[in-house]
There are 2 protein chains.
Amino acid sequence: MATRKRVTAQDVARLAGVSRTTVSFVLNNITDMRISEETRQKVLEAARQLNYHPDVVARRMVTGRTRVLGFVLRQSPEQAFADLFLPQVLNGLSQAAARQGYQVLFEPIAPGHPNTMYARLVNERHVDGIILSGPRFDDEDLLRLHREGAAVVLIGRLPDVEIPYVDVDNVGGARMATEYLIGLGHRRIGLVTNAPLFYTASAERLSGYRQALEAAGLSFEEGLVRYGDFTPQSGYQAMMSLLQVRPLPTAVFVASDTVALGALQAIRHAGLRIPDDISLIGFDDIPLAGFLDPPLTTIHLPAFNLGWEAAEMLLSRLHGEEIPSPAARLLATHLVERESCAHARR
Amino acid sequence: MATRKRVTAQDVARLAGVSRTTVSFVLNNITDMRISEETRQKVLEAARQLNYHPDVVARRMVTGRTRVLGFVLRQSPEQAFADLFLPQVLNGLSQAAARQGYQVLFEPIAPGHPNTMYARLVNERHVDGIILSGPRFDDEDLLRLHREGAAVVLIGRLPDVEIPYVDVDNVGGARMATEYLIGLGHRRIGLVTNAPLFYTASAERLSGYRQALEAAGLSFEEGLVRYGDFTPQSGYQAMMSLLQVRPLPTAVFVASDTVALGALQAIRHAGLRIPDDISLIGFDDIPLAGFLDPPLTTIHLPAFNLGWEAAEMLLSRLHGEEIPSPAARLLATHLVERESCAHARR
DNA sequence: CTGAAAGCGCTAACAT
DNA sequence: ATGTTAGCGCTTTCAG
């Protein structure tokens, strides 16, 4: 197919009988140069008649800004889309961006490219700045990009690195979940993590669990923790293993609803009932959590807000506002009480 | 923050002691102009040393192409992210795009903008073409865009419109689900749709259900169909209502797993068991389907492929290849047998 | 094998 | 109040 013929500002100028500049002024609503109403109308009419649309590529060329934000996913696609967390972040992100006239370029890490191609996004000026989710501590390109002054905001945190970030309060949320169980009288509380511990979020949730235990005078037992890795399958395995320990825990905190789905199935297969035989609390509050059997009590994660806040932070950085230091925002979680937890009986 | 200083091809040329043109040639691997290996290396070295990155905006300006695909969501954000269907489409889309050096601009319909802003994407040259999911028959802008020669591919179909599309074989899938139930001996089979009937996919699934019934000599009964609207809540309501009819259907086809989640809960609340008292078959095969209680038998929807194929179709259109007519691709579904269906007993 | 020069469509400083 | 003009950084004929 041939390239479609473009109508340029020049064409509009010609039809309206004015200069290209005048066209630019009226179309961009530059009021400084008080243009006569008559001319204004002529230009507007000509533009409408020719079905003129300004070419953003040319505009970017001269303004130097793209008005595009890059959303880069540092995790594998399967992992990124294991549940609705990232899609919801993306949603918040793009709504915040749209509100300020920005667009979002979606950049997952391509399977064939183990290395970070995303630095090109800013180096080659595809975007004005990037929001990166799932940062890794060994990501050299990320650190370099930041050092070189690129506008970067993280979703998730990197220890000992001063890049602005927004994250959920994982420690607080996990503490809240564990305290809730303790409040119900449970003393032997198992943990299934959402992921291996080299994921910051996972380590933080473990830490919150541990804090709650110790604050209540309960001892932290290695033997009561198992490791999930994002999937229901891993939750099934982890819970099966936890079900072997004696005495059996009376409650378990599964630090991801998706993983909890597998745990739920393992408990059913073992012939135990929830919450009668064992209480279960999740983390994330996936949209389906209320429709599981039993409806899952869990910690709500503000995924949409995470995206929204990250975009706002990046945008204010791009607009040259001083970012209030520390350039970090920790979003609060809250408990959603449903039916998977009961008072301890043993 | 000040704009970062850009290194231009001019700078590289200066350092390498050649002209700008030469730089362009070696960096773009133009072999026609057989450049001496020595010069080549000098240029490459200079570029590396200066950390030079070509400016895509300038390149787009002159080549006239952006190498960006727009993914526009014609449904509301909540609906778009009610489950993992669209995220998976996006994933397939962007992988197919990346493989050919294209990027994806994500454009959900903004809540504040009831009207279609997405036409700007192509008119203002943000992208080379768009993939639009969830087309509506009354979308004037879409029809105009297509008439004007813009490169558009639909995910989902529009009756009586010749825009290229890729879609899942909804009729076939629904027929397959219903036939499976019939094969199990069921004769009274209810239907809960995934959405209101003005959604093409919904109407098609109803049609497949009806075809299967009639082919088996069973009559289609209005009284056995209820309408979902994407959510588990709607499935709950629909199933509750279906549970009132007498004689009770022995099986029901819920044309969306997400909706089926609510249906499952309604059946539990009614004190009935699955599949002993009533068989249930879903549609979509969401990633969690195998971990529900009972694991849900359902029709698998190739979401990733849908995105992939749509991108491939758009790309070949952009590359000027004649699209094999009809410019449409219907992807096959398949049955995933799990544990929510049993032989009819009544 | 390499360089000069035109031009993509727009914005914005400057001149009238 | 409106027009002239100079780029933005790159690709790509066309001459040497």
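Order of the sequence lines sets the chain letters (A, B, ...), proteins ahead of strands, with each chain counted from 1.
Atom CG in Asp55(A) sits roughly 18 Å away from atom P in dG7(C) (whole-Å rounding). Put simply, CE on Met61(A) is 13 Å from P on dG9(C), counting in whole angstrom units. In this structure, the CD atom of Gln10(B) is 13 Å from the C1' atom of dA5(C), given to the nearest Å. We find that CD of Glu124(B) is positioned 16 Å from C1' of dT11(C), with the value rounded to whole Å. For Phe25(B) and dT11(D), the CZ to P distance is 10 Å, given to the nearest whole Å. Straight-line distance from the CZ atom of Arg125(A) to the P atom of dC10(D): 9 Å, rounded to whole Å. dC10(D) atom P lies 13 Å from atom NE2 of His126(A), rounded to whole Å. One atom, CZ of Arg67(B), and another, P of dT11(D), lie 13 Å apart when rounded to the nearest Å.
Between dC1(C) and Ser36(B), no contact under 4.0 Å exists linking OP1 or OP2 to a side-chain N or O. Considering only side-chain N and O atoms, Thr22(A) lies under 4.0 angstrom from the phosphate OP1 or OP2 of dG3(D). Between Tyr52(B) and dG9(D), a side-chain N or O to OP1/OP2 separation shorter than 4.0 Å is absent.
Which of dA6(C), dT11(C), dT12(D) sits closest to the side chain of Ser24(B) comes down to dT12(D). In the set dC10(D), dG9(C), dT2(C), the nucleotide with an atom closest to the side chain of Thr8(A) is dG9(C).
For Thr21(B) against dA4(C), a side-chain N or O and a base N or O form a donor-acceptor pair under 3.5 Å.
No donor-acceptor pair under 3.5 Å is formed between the side chain of Asp141(B) and the backbone N or O of Ala119(B). The closest donor-acceptor contact from the side chain of Arg60(A) to the backbone of Arg65(A) lies at 3.5 Å or more, if one exists at all. Checking side-chain atoms of Ser94(B) against main-chain N and O of Val104(B) turns up no donor-acceptor pair under 3.5 Å.
Contact record, Gly134(A) with Arg74(A): O-CB, 3.0 Å, taken as the closest heavy-atom pair.
With hydrogens and angles left out, the side-chain atoms of Thr21(B) and Ser24(B) include no donor and acceptor closer than 3.5 Å. Side-chain contact of Tyr118(A) with Asp139(A): a donor-acceptor pair under 3.5 Å is present, judged by distance alone.
When heavy atoms are screened at a 4.0 angstrom cut-off, Arg60(A) is found touching no nucleic acid atom at all. Nucleic acid contact class of Val18(B) (heavy atoms, under 4.0 Å, all strands): sugar-phosphate only.
Atoms CG and CD, on Leu105(A) and Gln103(B) in that order, are 4.5 Å from each other to the nearest 0.5 Å.
Relative to the axis of its first five pairs, the axis of the last five pairs of the helix from dC1(C)-dG16(D) to dT16(C)-dA1(D) sits at 40°, rounded to 10 degrees.
With the nearest nucleotide of DNA chain C identified for both Ser19(B) and Pro54(A), Ser19(B) has the one nearer the 5' end.
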